[in-house]
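Below is one structure; the comments refer to it alone.
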Protein chains: 2
Amino acid sequence: MQTSTRDRIVVATARLLQRQGYVGTGIKQIAKESQATLGSIYHFFPGGKEAVAVAAIRHSGREFAALLKDSLDRQPEPSEAVLSCTRELAAGLRESGWVDGCPVTAAALETLGADSELQKACAEALNGWERLVLDKLLGCGFPADDARELATTVISAIEGAEVTAQVNRSEEPLLAAGRQLARLIRSYGIDAARR
Amino acid sequence: MQTSTRDRIVVATARLLQRQGYVGTGIKQIAKESQATLGSIYHFFPGGKEAVAVAAIRHSGREFAALLKDSLDRQPEPSEAVLSCTRELAAGLRESGWVDGCPVTAAALETLGADSELQKACAEALNGWERLVLDKLLGCGFPADDARELATTVISAIEGAEVTAQVNRSEEPLLAAGRQLARLIRSYGIDAARR
DNA sequence: ACAGCTCTAGAACGAACGCTCTACCCAATT
DNA sequence: AATTGGGTAGAGCGTTCGTTCTAGAGCTGT
């Protein structure tokens, strides 16, 4: 067998969570989409729906982290890196028909009240991404305080711009955010050449 | 009569949508929360759940627009206005125990696939807010292109920062975004005194 | 007094929800 | 050859979903 049943369940759930959120995604839909049966799902995830969702969110978190790290490593200049990242996201969004947005936002917003395992998984994913940006900025010589605040803002802005882009079915908000974030980063006057 | 039944339904639904999204909010829960009965709800909103949600989103859209307009009108400098707006949002978020975030994001993310009336209502709310910021910037002498891109970015960033703040149960992301947005706006070197 | 209207009230319906349960398949072990 | 156990399969449980429906309360105009 190419991919294990467990992996199929996680991947399918990740995509469903991204598109319809946690409450909007049913266990039976996961079963159908992943070509697994209820028996298999509850075999691998005795914790039920939430356990599946947690695994899926963690998967998505790692996946986007890899994409982000790629952008950050490829471009020496952090402003350029953010720009190229938003361009990639915009392209992906358009190609998916504006449905494949941030893989954790939808699920995160639905589980804010209760401090569930799922909520923690979403927070960890977000913070992991932020840390990648933070490390890049620190590595480029940004002072710690500025870097921290910038990293938070960059992730938040990309997050929000992706939602805006989805709602308006347009790449523009994401691209605009990329350009403005690049400008903001440049405004600190620290470039790679200076190091 | 203090508040009409119809208004109670709309207001209660708005709060529920803000906290639990569209799928997570049930008609019967709306009935209980708004002290109305199913009969009343379907009397005022023959369109069912979606019609109630559309009215609630429109209500929330107007409500936040008023808050935003207040901030923008009170501060002559747009950077200051954005700063004070994020401060207000941060305070409100903390006071609510991090549950009362953006009133449309949650609902918007769940209705992206289908181009429903609800999805349009969310888009209109977001665009209305963006327009307020845009008008402010234009009024302060920003060139049209810069103003448009800035307005989109400001709304997106605030949107995203609110989510990040909720997930991390901290005001910091919102305040950081406010400071960085203010810096970004200032970087255009157009201040009210110059006019 | 009566008819007509708006609004309230909640029982009842079919569908879908998350989950439990039993039965079965099949490769590895004894 | 028999047994074990990981994995597959899906019927069925109790509950909740959104919606429909009938019944009646309260007021207005005649």
Side-chain angles (χ1 to χ4, degrees), chain A residues 1-57 106-107 109-111 113-114 116-119 121-122, chain B residues 1-57 106-107 109-111 113-114 116-119 121-122:
Chain A
M1 192 187 302
Q2 286 283 36
T3 57
S4 72
T5 304
R6 208 198 116 103
D7 285 350
R8 285 205 317 276
I9 294 170
V10 170
V11 170
T13 306
R15 212 184 59 234
L16 289 173
L17 285 184
Q18 178 179 37
R19 297 188 178 188
Q20 354 177 2
Y22 180 66
V23 230
T25 301
I27 281 274
K28 283 168 187 169
Q29 191 184 9
I30 292 175
K32 194 185 300 177
E33 209 77 17
S34 62
Q35 312 246 55
T37 62
L38 278 181
S40 303
I41 294 179
Y42 280 93
H43 170 75
F44 288 113
F45 302 95
K49 183 181 174 178
E50 191 184 340
V52 182
V54 168
I57 290 291
L109 282 177
E110 290 173 322
T111 51
S116 54
E117 206 63 37
L118 182 54
Q119 199 266 336
C122 294
Chain B
M1 194 188 302
Q2 285 281 37
T3 56
S4 73
T5 303
R6 208 199 115 103
D7 285 350
R8 284 204 318 276
I9 294 171
V10 170
V11 171
T13 306
R15 214 185 57 235
L16 289 173
L17 285 184
Q18 179 178 38
R19 299 189 178 187
Q20 352 177 4
Y22 180 66
V23 230
T25 300
I27 281 272
K28 282 166 189 173
Q29 190 184 11
I30 292 174
K32 195 184 298 177
E33 209 77 18
S34 62
Q35 313 247 53
T37 63
L38 280 180
S40 303
I41 294 179
Y42 279 93
H43 170 74
F44 288 111
F45 302 96
K49 184 181 175 180
E50 190 183 342
V52 182
V54 167
I57 290 291
L109 282 176
E110 291 173 320
T111 51
S116 55
E117 206 62 38
L118 183 53
Q119 199 265 338
C122 293

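Just so it is clear: chains get the letters A, B, ... in the order the sequence lines come, proteins before strands, and each one is counted from 1. A quick note: this is a predicted structure, and the numbers were derived from the prediction, not measured.
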Checking contacts here: which listed nucleotide ([options]) is nearest the side-chain heavy atoms of [X]?
| X | options | value |
| --- | --- | --- |
| Phe44(A) | dG10(D), dT8(D), dT8(C) | dT8(D) |
| His43(A) | dT8(C), dG7(D), dC19(C) | dG7(D) |
| Lys28(A) | dT19(D), dG18(C), dT8(C) | dG18(C) |
| Thr5(B) | dC19(C), dT20(D), dC7(C) | dC7(C) |
| Ile27(B) | dG12(D), dT8(D), dT19(D) | dT19(D) |

Rounded to the nearest Å, what distance is computed from the [atom1] atom of residue [X] to the [atom2] atom of nucleotide [N]?
| X | N | atom1 | atom2 | answer |
| --- | --- | --- | --- | --- |
| Gln35(B) | dA9(C) | CD | C1' | 14 Å |
| Ile9(B) | dC7(C) | CD1 | P | 11 Å |
| Ile30(A) | dA16(C) | CD1 | C1' | 15 Å |
| Arg6(A) | dG6(D) | CZ | P | 15 Å |
| Phe45(A) | dG6(D) | CZ | P | 16 Å |
| Leu38(A) | dT8(D) | CG | P | 13 Å |
| Leu16(B) | dC17(D) | CG | P | 12 Å |
| Lys32(B) | dA9(C) | NZ | P | 16 Å |

Name the residue closer to the 5' end of DNA chain C, choosing between Gly39(A) and Gly26(A) according to the nucleotide with the nearest heavy atom.
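Final value for this comparison: Gly26(A).
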
Do the side-chain N or O atoms of Ser40(B) get closer than 4.0 angstrom to the phosphate oxygens (OP1, OP2) of dT8(C)?
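Checking dT8(C) against Ser40(B), a side-chain N or O does come within under 4.0 Å of OP1 or OP2.
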
For Glu33(A), the option from Arg15(A), Arg19(A), Arg8(A), Lys28(A) that meets salt bridge (charged side-chain N to carboxylate O under 4.0 Å, His left out)
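Of the listed options, the one satisfying the test is Arg15(A).
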
Examine distances only and state if a side-chain atom of Glu110(A) and a backbone atom of Gln20(B) form a donor-acceptor pair shorter than 3.5 Å.
no

Considering residues, nucleotides and ligands other than Gln29(A), do more than 12 of their heavy atoms fall under 6.0 Å from its CD?
yes

Mind running side-chain contact (heavy atoms from CB on, under 4.5 Å) on Glu117(B) and Glu50(B) for me, showing each step along the way?
CA-CA 8 Å; Glu117(B) 206 62 38; Glu50(B) 190 183 342; 3.5 Å; yes

Is the Lys NZ or Arg CZ of Lys49(B) less than 6.0 Å from the centre of Tyr42(B)'s six-membered ring, within 45° of the axis?
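No.
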
